[in-house]
There are 2 protein chains.
Amino acid sequence: MNTPADQFGGRASLTRRISDDIRRRILAKEWAPGEKIHSESELSTNYKVSRVTVRTALKTLEYQGLVDIRHGSGTYVNNFGRSIPTGLNELRSMSETISELGYEPGMEYKVATIRPATKTEIDKLRLDNADPVLYLERAVLADGKAVAFSYDTINISSLPEEVVEEMKQGSVFASLDTINSRPIRALAEVDAVISKEIGWGDERPANDLFLLLQQVHYAGDGEPLMYSKTYFMEGRFQFLILRTR
Amino acid sequence: MNTPADQFGGRASLTRRISDDIRRRILAKEWAPGEKIHSESELSTNYKVSRVTVRTALKTLEYQGLVDIRHGSGTYVNNFGRSIPTGLNELRSMSETISELGYEPGMEYKVATIRPATKTEIDKLRLDNADPVLYLERAVLADGKAVAFSYDTINISSLPEEVVEEMKQGSVFASLDTINSRPIRALAEVDAVISKEIGWGDERPANDLFLLLQQVHYAGDGEPLMYSKTYFMEGRFQFLILRTR
DNA sequence: TAGTCAATAGTTGTCCTACAACTAGTCTTG
DNA sequence: CAAGACTAGTTGTAGGACAACTATTGACTA
């Protein structure tokens, strides 16, 4: 075969691959902030895809806040600096985010058990009865230093046993990847919390202050996969949100 | 004239108008969560626009998390309930958000002065020197009750004087609307804060706990319009973020 | 000279038609 | 009854065309 897509590979949609590649080029500073990037026709001939595909890809980047498309003029790189690509709008695993920020990611497991689901978990994960779930308590590390404490509940009702075993030690996202059911969407709620019950070890903040990110991850078919409460220690992490009209 | 767009009016792009209308129909429960909506061809003949326009509009709704587009199958309404439309991803004024949640919005002005910009403000608003700015301190009310305290700095260097005067009392967004320069993008940072310096009156929280939303609003041409720090009182407001891949 | 306006080339927005790729159900066949 | 082929319907991509808009250039005017 010699389809135009072959220069990239993978089985994601053509639009997705083009979008990812242009994103990469922008982050690699191929164009300076505020600068006009190549026109849609030019990109489409270079990538050997139709203009429709390029347009859809650029629309994605516009929605992510990376570029600004102006009718009759061109597509311009926004100058939000390095902020956007590490924002909360894009769903990434903690490890991915940490390494994108230039730190060495790590996890410290405190609890990893299979137990019946609680009422809240049955509700959030849309379980029918007291199905067993995988419950994890972990410290999230950046360069060996704890930045957050995470309390996660994973819906294992449709997961093979070996994958569940793997999750007890490694990255949850990575394990889900192996069976091709990585979450594609998450709904997160943010709260400020003061509590002496949260966290452990001598890296806990003295004032008991945390930023709580409470979220439910969903699979491609809309099924809830994981319910997690992550308590971030103030000042050791930056949360950015891009808001658009 | 009798162009296809006439059934809606306004001068927003065709795609934008179609997208808004389908969004309205979904929120009006025309289709139940999980249900498949009309096909792209059907929508395009009904709206009397091309399938390309409908596709672009649906893509927008997919980014917003309202629908799920499945290759070869159809477009399905996501079942996130009423959460998404009030989320942080869409840029709305405080008043808009509060009334969407079913409360009566209000503002209580404490300070409204024009003064030279501080160092931080010069940086955030990209001002050249110590230009004068409009500084506001306000309590945000829902049903007459304070839910947040807001400290806002507005870049008035390119605003006519009467608009600035109007802002001292009414809604900032509404005033900007009159001269057609409403912000279209904002970059927000979220923090948890404990401070005795924030807020006033007897509705302040006893534990001095706030969720800080620190954001810069940008106009369509990329110019920073407003830098604001809004301190929300924990529990009186819900912050939702949709994260997608 | 300075300012206004028309012309123009370039770019994004929308349209049309066609076909490829995929999904989910129906039907056939052993 | 189960497995596989078939099929109608839907989204993804292609290619070409024109409309709408932007920014610049250059001519004309006061």
Side-chain angles (χ1 to χ4, degrees), chain A residues 1-22 31 34-63 66-78 180 184 220-222, chain B residues 1-8 10-22 31 34-63 67-78 180 184 220-222:
Chain A
M1 272 265 282
N2 189 17
T3 64
D6 282 352
Q7 56 181 307
F8 300 109
R11 68 187 186 298
S13 79
L14 194 46
T15 298
R16 176 66 192 263
R17 297 199 302 266
I18 302 289
S19 163
D20 280 350
D21 194 65
I22 299 179
W31 301 279
E35 200 177 345
K36 179 157 72 170
I37 75 172
H38 299 155
S39 75
E40 296 177 352
S41 340
E42 199 169 344
L43 286 171
S44 81
T45 54
N46 287 344
Y47 279 118
K48 293 194 178 61
V49 301
S50 82
R51 215 189 112 204
V52 175
T53 303
V54 170
R55 273 183 66 72
T56 312
L58 288 179
K59 272 284 182 190
T60 305
L61 298 182
E62 183 184 40
Y63 200 83
L66 238 66
V67 300
D68 191 11
I69 307 177
R70 301 187 200 152
H71 185 184
S73 175
T75 301
Y76 298 78
V77 176
N78 274 329
N180 201 23
I184 61 160
D221 57 7
Chain B
M1 274 266 284
N2 188 20
T3 65
D6 283 352
Q7 55 182 309
F8 299 108
R11 68 187 187 297
S13 80
L14 194 47
T15 298
R16 176 65 192 263
R17 295 197 304 265
I18 301 289
S19 164
D20 281 350
D21 194 65
I22 299 179
W31 300 279
E35 199 176 346
K36 178 158 71 170
I37 75 174
H38 299 154
S39 75
E40 295 176 352
S41 339
E42 200 170 343
L43 287 170
S44 80
T45 55
N46 287 345
Y47 279 119
K48 294 193 176 62
V49 301
S50 82
R51 214 190 112 203
V52 175
T53 304
V54 169
R55 272 183 67 72
T56 312
L58 289 178
K59 270 285 182 191
T60 304
L61 297 181
E62 187 183 38
Y63 297 141
V67 300
D68 192 12
I69 306 176
R70 300 186 200 154
H71 187 185
S73 175
T75 301
Y76 297 78
V77 176
N78 275 329
N180 201 23
I184 61 160
D221 56 6

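Values reported hereafter were calculated over all heavy atoms of this structure, with side chains retained and with hydrogens, waters and symmetry mates removed. Just so we're on the same page: letters track the sequence lines, and every chain starts at 1.
Spacing between atom CD1 of I37(B) and atom P of dG9(D) amounts to 18 Å, rounded to whole angstrom units. Between L14(A) atom CG and dG12(D) atom P there is a gap of 12 Å when expressed in whole angstrom units. If you take NZ of K59(B) and C1' of dT11(D), they are 10 Å apart, rounded to a whole angstrom. Going from atom OH of Y47(A) over to atom P of dT13(D) covers 15 Å, rounded to whole Å. Going from atom OH of Y76(B) over to atom C1' of dG9(D) covers 11 Å, rounded to whole Å. Between the NZ atom of K48(A) and the P atom of dG15(D) there is a distance of 12 Å, rounded to whole Å. Across the protein-nucleic acid pair, L58(A) atom CG and dT13(D) atom P stand 14 Å apart, rounded to whole Å. Taking atom CG of residue L43(A) and atom P of nucleotide dG10(C), one finds them 17 Å apart after rounding to whole Å.
The phosphate of dG9(D) has neither OP1 nor OP2 within less than 4.0 Å of any side-chain N or O from S41(B). At dT10(D), none of the side-chain N or O atoms of T75(B) fall inside 4.0 Å of OP1 or OP2 (strictly under the cut-off). Phosphate contact (OP1/OP2 of dG13(C), side-chain N/O of R55(A), threshold under 4.0 Å): present. For S50(A), a side-chain nitrogen or oxygen approaches OP1 or OP2 of dA14(D) to under 4.0 Å. Distances shown here put every side-chain N or O of S73(A) at or beyond 4.0 Å from the OP1 or OP2 atom of dC21(D).
Using a 4.5 Å cut-off on side-chain heavy atoms (C-beta onward), T53(B) and S44(B) make no contact.
Both E40(B) and H71(A) sit near DNA chain D, but only E40(B) has its closest nucleotide nearer the 5' end. If you find the closest nucleotide of DNA chain C to V52(A) and to I69(A), the one lying nearer the 5' end belongs to I69(A).
Within 4.0 Å (heavy atoms only), T15(B) reaches sugar-phosphate atoms of the nucleic acid but no base atom.
For T53(A), the listed nucleotide lying nearest its side chain is dT13(D); candidates were dT13(D), dT14(C), dC21(D).
A salt bridge links R16(B) to D20(B): at least one charged side-chain nitrogen sits closer than 4.0 Å to a carboxylate oxygen.
When each of W31(A), Y76(A), Y47(A) is paired with H38(A), the ring pair (Phe, Tyr, Trp, His ring centres under 6.0 Å) condition holds for W31(A) and for no other.
Of all the heavy atoms in D68(B) and E62(B), the pair that sits closest is OD1-OE2, 4.2 Å.
For the residue pair T60(A) and Y63(B), a side-chain donor N or O sits within less than 3.5 Å of a side-chain acceptor on the partner.
For R51(B) against dG12(D), a side-chain-to-base donor-acceptor contact under 3.5 Å is present.
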